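Throughout, a chain's letter reflects where its sequence line sits, starting with A, and its residues are numbered from 1. FYI, side chains are in, hydrogens and waters are out, and symmetry mates aren't considered; it's all heavy atoms of this structure. Here the structure is a predicted model, which means the values were calculated and not measured.
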There are 2 protein chains.
Amino acid sequence: LIIGIDVESGERSFKEYVKGAITSIKLHENICISLIGNTEKIINSFPDITENKRISLVDSNEIIFMDEEPIKALKKKKNSTIAIGINLLKENKIDVFYSPGNTGAIVCAAIFKLGMIEGVKRPSMATYFPRIEGGETLITDIGSNPDASEINLLHNAVLGMSYYKLIWKKENPTVGLLNMGGESIKGTSILKKAYNLLKTIPSFIGNVEGYNVFNGSVDVVVCNGLTGNSILKIAEASKKYFISMIEKKFLSDNYNNHEYKKIITKKLLPVYFGAAPLLGVNGIVLIGHGASSIEDLLNAITLAIKLNSINFINELNDNVKKLLKKD
Amino acid sequence: LIIGIDVESGERSFKEYVKGAITSIKLHENICISLIGNTEKIINSFPDITENKRISLVDSNEIIFMDEEPIKALKKKKNSTIAIGINLLKENKIDVFYSPGNTGAIVCAAIFKLGMIEGVKRPSMATYFPRIEGGETLITDIGSNPDASEINLLHNAVLGMSYYKLIWKKENPTVGLLNMGGESIKGTSILKKAYNLLKTIPSFIGNVEGYNVFNGSVDVVVCNGLTGNSILKIAEASKKYFISMIEKKFLSDNYNNHEYKKIITKKLLPVYFGAAPLLGVNGIVLIGHGASSIEDLLNAITLAIKLNSINFINELNDNVKKLLKKD
């Protein structure tokens, strides 16, 4: 298993990602890593790295920045870490590509170079929310396709259900459409049409709302990329808000504050995989948060190993085909 | 000041709203209340109510349910609490109308009967999120217009800024567009167009994300009704999730659990007004949560008194006019 890591496109220094890579090969015996970035800079900072047989360096002298228009940037920057990474994946020189960079550029490169799996028009990015009674709820899309049509939403459902089944070994995961109320007549015109398409899925439970995400009443929550991205970021920001409030309130109390904070943040921190898979493209692409930390990268590598071990792309393909045939 | 209360359309019993009304006239000297609902049922449950000079009963024998299609329901049910309440507001027989009912039906009735203030095409529902360092951030729209166009988003901004100014006495509240990243090229095609329209507002700070809502970096956050509704519900659900996690963790510890829970819920509970004003229509319409409690109703009445005291509709009109002229 060879994992390609884009060390340049994130908001943190390339050094963080190189350190993460070095740590990860110590943790996992059977992986090799290709670091995609400025080779000279990497060697200057980590002179011993050239002696590491399980780490290879792939030189890239261009970076696509967060504020660049994806298609223009990809045309202009053929040697960017994102373009090179997706090409390596296409050519099977790596098995997984991880990038914490410009989501739009990663999505466009993946669609154009890797292509879509059969029957699916647009990819969907998926992540987990924690549940009160344990377990997790999959939310998809969280940002790859903000302008999702009703067909895209149906495909998000099918991709999400297949992913859920493969990771959580649940045969018919339930699926719900994130909307403004339980009633089928709610929401935008696209949501109303999507509701009618989703009705053909036997495990569709109808419209869902915020509380369903946390209470375990639905496995896969389908939404457009704008709404999914917004709820993910509000949930993360809510967490910080609550932790701040608790700290303010209890800082003077007789708990050991350091211990206390650790318990709260560990216990309350939703356990994400560190990166969201881009479901629907012909290749394993993991998109990290722009500000991804070493820990996030290590979680992403754990996910990469898991996905590789279950022959993910073929399995996803098979499951999606079966689900789409039912419609 | 006469406040009309729809006692039938919420998810709770009419008795809750009647009790809330009785409590509120004890708390506030200068208000009268019109209870809109089944008069006979109300008198059966509260026989003394006919002797209360500050409470009047307006009979309505129809209810628009949550799952009804708004326009059809309004055409069919001319004697519904929502139709009667909006009519009373139109005829100046009440000064404020409060309903915890079908949002779509309230919005449609308000648009058709009351009309819009000059220059604004669609109303926007607004509510507050709490900030880490105190104060509150206004989010608008939270559900009245899920399919918002770029013009609707501009109007949401102008309505939100005017409301913020009137309530919080801040001359030029800052405004941000909820999007998937800070860069102007992010998001749906409508968001990109909206960004260009909002740029003409001097206090526009650009795109904002989840963390901006809680950190005080922006006063008014603009979004479509679907996204606004979703983030509000996720924030509420996150709160429940965190409280559950904390309770599980600390239930066995030496805090007085009852006291502890009270502190956490009181301290962490975002202080909403109990109902969201429907900004942009020619009349003060407050829309409550379907499951609104007596406390929510009392908060809504406090907001009604506040809005009435500042001559809200005229002031909002003037402020919106000024802001739209600048563009």
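Side-chain contact check for Ile234(A) versus Tyr211(B): every heavy-atom pair is 4.5 Å or farther apart. A heavy-atom distance below 4.5 Å is not found between the side chains of Tyr241(A) and Val213(B). The side-chain heavy atoms of Lys239(A) and Ser238(B), taken from C-beta on, include no pair separated by under 4.5 Å. The shortest side-chain heavy-atom distance between Pro146(A) and Leu191(B) does not fall under the 4.5 Å cut-off. Put simply, the side chain of Ser189(B) reaches to within 4.5 Å of the side chain of Asp147(A), judged on heavy atoms.
One distance of note links CD of Glu69(A) with CD of Glu183(B); it measures 12.0 Å at 0.5 Å rounding. Of the inter-residue distances, the one linking Glu209(A) atom CD with Ser230(B) atom OG reads 9.0 Å to the nearest 0.5 angstrom.
Using a 4.5 Å cut-off between non-hydrogen atoms, the part of residues 221-228 of chain A that approaches chain B consists of Asn224(A), Gly225(A), Leu226(A), Thr227(A).
Annotation for Met66(A) and Lys186(B): closest pair O-CE, 4.1 Å, computed over non-hydrogen atoms.
Heavy-atom distances place both the backbone and the side chain of Ile231(A) under 4.5 Å from chain B. Only the backbone of Glu68(A) comes within contact range of chain B, with heavy atoms under 4.5 Å apart. Residue Ile190(B): no heavy atom, backbone or side chain, is found under 4.5 Å from chain A.
Remark: Lys240(B) engages no residue in a side chain to side chain contact (heavy atoms under 4.5 Å, CB included) (not counting sequence neighbours).
The candidate from Asn229(B), Ile132(B), Thr103(B), Asp67(B) with the greatest count of non-hydrogen atom pairs under 4.5 Å with chain A is Ile132(B).
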